[in-house]
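Worksheet: one structure, shown below.
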Amino acid sequence: MKARFTSILHRDSRRGMTDLTTAKTTAGSPDIASWSDPFALFASWHADAKRQHAESASAMTLSTVDGFGRPAARIVQLRSFPSKLGEMVAQTETGPEVELRGFAFGTNTGSAKAEQLARVPFASLTLLWFHADGVPREVRVDGPVVTASDAQCDAAFARRRRDAQVGEWVSQRMGSAIADAVQAEADRVQVLQSFADESLPVPRPPFWKLYHVIPDRMEFWEARVGALNDRVLFTRATDSANAWISQRLMT
C-alpha cells in the first residue's frame, strides 16, 4: 500500500502533487532505525509538521471497533503526548499514585467513539504529514485506552479556546437525533447566553473526558526515492513503559 501511495504521488505530480523523484531521499532526517526512543522520534516529526502546517499537524485518525468488531474511524485532535521515554508514567498531583499518560484526545462520553471504547478499550491512531521537501511520513500508534484523571481532564479543557469550551456544552447530546430543529436551536442559543459573560471561566462539562491511548506499538514510515521506503516498528517489550524493541519492516 505504501509503495502504491508513493507511485500515485509521482504519477500525479503534474496535477500539483509532490514529485518524489526531486525530493530528498532522507527528508533531511536521520534514519528511523537510528532512534532508540520512539517518543522522541514522534516529537521530532510532530515539530517538523507544526513548522510546515501548524493548523493540521495534530489532526489524527482515531480508529475503534464496536462490540461486533465493526471498525469506525474519525479525525480528532491530538491534545498531548509523551515526548521522551519516562514520560508515559507520571505521579498524580494529589498523592503518591502514578498514572499512565499516552497520546491524548478529548471527547463527549456520550459519543459513538466513547461508547465503543467503553466496550472495547483499544484504539489505533494514524497521523500523516508531509515534510518540508514534500516527502510523506506516516505514524501509527496502537494500544489500550484509559480515561484520564479529573485533574488532567480539567487542565486539558482549560487550555482550549473559549468558543470550543462553550461548544462542548452545546453538543451535550452529541449524536442524538434532532426531533425538533426549532427547539434544538433555542437550546443552543440558551447555552450560548449562559456563557455570555467572558470574565467568567467556562467549567468543564462532566460529560467531556480526556482519553489516553497507551502505546504498545508505534510504527513510523517515511517515503524514500530509489530505495525501500523506511519503515520501523517499535514494540513495547515488557510491562515497563521504558523497554522498547525496534525492527525494520519491508514496505
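Side chains are part of it too, since the values below use all heavy atoms of this structure and drop only hydrogens, waters and symmetry mates.
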Q.
Students often mix this up, so state it plainly: with edges at 30° and 60°, are the rings of Phe42 and Phe103 parallel, tilted or perpendicular?
A. perpendicular
(Q) Between Ser149 and Gln152 (side chain of the first, backbone of the second, donor and acceptor by atom type, cut-off under 3.5 Å), is there such a pair? (A) yes
(Q) Taking Trp35 as the starting point, is it possible to reach Val141 by hopping between hydrophobic residues whose side chains are less than 4.5 Å apart? (A) yes
**Q.** Partners passing side chain to side chain contact (heavy atoms under 4.5 Å, CB included) against Pro144 (at least two apart in sequence or in another chain)
**A.** Phe122, Ile214, Asp216
Anything under 3.5 Å between a donor and an acceptor, one on a side chain of residues 67-77, the other on a protein residue two or more places apart or in another chain? List them.
residue: Arg70; atom: NE; partner: Asp66; partner atom: OD2; Å: 2.9
residue: Arg70; atom: NH2; partner: Asp66; partner atom: OD2; Å: 3.2
residue: Arg74; atom: NH1; partner: Leu62; partner atom: O; Å: 3.1
residue: Arg74; atom: NH1; partner: Thr64; partner atom: OG1; Å: 3.0
residue: Arg74; atom: NH1; partner: Ala72; partner atom: O; Å: 3.3
residue: Arg74; atom: NH2; partner: Thr64; partner atom: OG1; Å: 3.4
residue: Arg74; atom: NH2; partner: Gln116; partner atom: OE1; Å: 3.3

Q | Test item: Phe234 and Phe220 side chains (from C-beta on) under 4.5 Å apart, heavy atoms | A | yes
Q) Are Arg236 and Met218 close enough that some pair of their side-chain heavy atoms sits under 4.5 Å apart? A) no
(Q) Asp142: which residues meet the salt bridge (charged side-chain N to carboxylate O under 4.0 Å, His left out) condition with it, sequence neighbours left out? (A) Arg140, Arg217
Q. Got a donor-acceptor contact below 3.5 angstrom from the Ser111 side chain to the Thr107 backbone?
A. no
Q: Give a yes or no on whether a salt bridge exists between Glu219 and Arg231, defined as a side-chain N under 4.0 angstrom from a carboxylate O.
A: yes
Q.
Measuring from atom CG of Leu85 to atom CG of Asp37, what distance do you get when rounded to the nearest 0.5 angstrom?
A. 3.5 Å
Q) Side chains of Trp129 and Pro136: closer than 4.5 Å at any heavy-atom pair? A) no
**Q.** Within-4.5 Å side-chain heavy-atom neighbours: Glu87 and Arg101
**A.** no
Q.
Applying side chain to side chain contact (heavy atoms under 4.5 Å, CB included), can you list everything that pairs with Ala43, at least two apart in sequence or on another chain?
A. Phe81, Ser83
Q.
Determine whether Leu41 and Ile32 satisfy the following criterion, side chain to side chain contact (heavy atoms under 4.5 Å, CB included), listing intermediate values before the conclusion.
A. CA-CA 8 Å; Leu41 174 55; Ile32 300 175; 3.5 Å; yes
Q) Mind checking what makes salt bridge (charged side-chain N to carboxylate O under 4.0 Å, His left out) contact with Arg159, not counting sequence neighbours? A) none
(Q) A side-chain contact here means heavy atoms from C-beta on lying under 4.5 Å apart; do Glu138 and Leu127 qualify? (A) no
Q. Is there side-chain contact between Val170 and Leu192, with at least one heavy-atom pair below 4.5 Å?
A. yes
Q: Apply side chain to side chain contact (heavy atoms under 4.5 Å, CB included) to the pair Trp221 and Asn229, showing each step before the final yes or no.
A: CA-CA 7 Å; Trp221 175 86; Asn229 296 326; 3.4 Å; yes
Q. Other hydrophobic cluster members with Leu249, side-chain heavy atoms of Ile/Leu/Val/Met/Phe/Trp/Tyr under 4.5 Å, chained?
A. Leu233
Q: Would you sort out whether Arg137 and His131 count as a side chain to side chain contact (heavy atoms under 4.5 Å, CB included), showing the intermediate values?
A: CA-CA 7 Å; Arg137 289 170 164 176; His131 194 264; 3.4 Å; yes
Q | Distance (rounded to the nearest 0.5 Å) between Gln193 CD and Gln190 CD | A | 7.5 Å
Please table the atom pairs, donor to acceptor, closer than 3.5 Å between any side-chain atom in residues 200-209 and protein atoms at least two apart or in another chain.
residue: Arg204; atom: NE; partner: Asp154; partner atom: OD1; Å: 2.6
residue: Arg204; atom: NH1; partner: Trp208; partner atom: O; Å: 2.8
residue: Arg204; atom: NH2; partner: Asp154; partner atom: OD1; Å: 3.2
residue: Lys209; atom: NZ; partner: Asp150; partner atom: OD1; Å: 3.2

Q) Partners of Arg248 by salt bridge (charged side-chain N to carboxylate O under 4.0 Å, His left out), sequence neighbours excluded? A) Asp31, Asp230
Q. Ala104: what forms a side chain to side chain contact (heavy atoms under 4.5 Å, CB included) with it, not counting sequence neighbours?
A. Arg79, Ser80, Leu210, His212
Q | Cluster check Phe105, Leu78: I/L/V/M/F/W/Y, side chain < 4.5 angstrom | A | yes
Q) What pairs with Glu115 under salt bridge (charged side-chain N to carboxylate O under 4.0 Å, His left out), at least two apart in sequence or on another chain? A) none
Q | Under the ring-ring contact (aromatic ring centres under 6.0 Å, His included) test, residues paired with Phe195 that sit two or more places apart | A | Trp169
Q: Could you list all the salt bridge (Lys or Arg N to Asp or Glu O under 4.0 Å) pairs where at least one residue sits in residues 121-130, not counting sequence neighbours?
A: none
Q. When you look at CZ of Arg162, are more than 12 heavy atoms from neighbouring residues, nucleotides or ligands closer to it than 6.0 Å?
A. yes
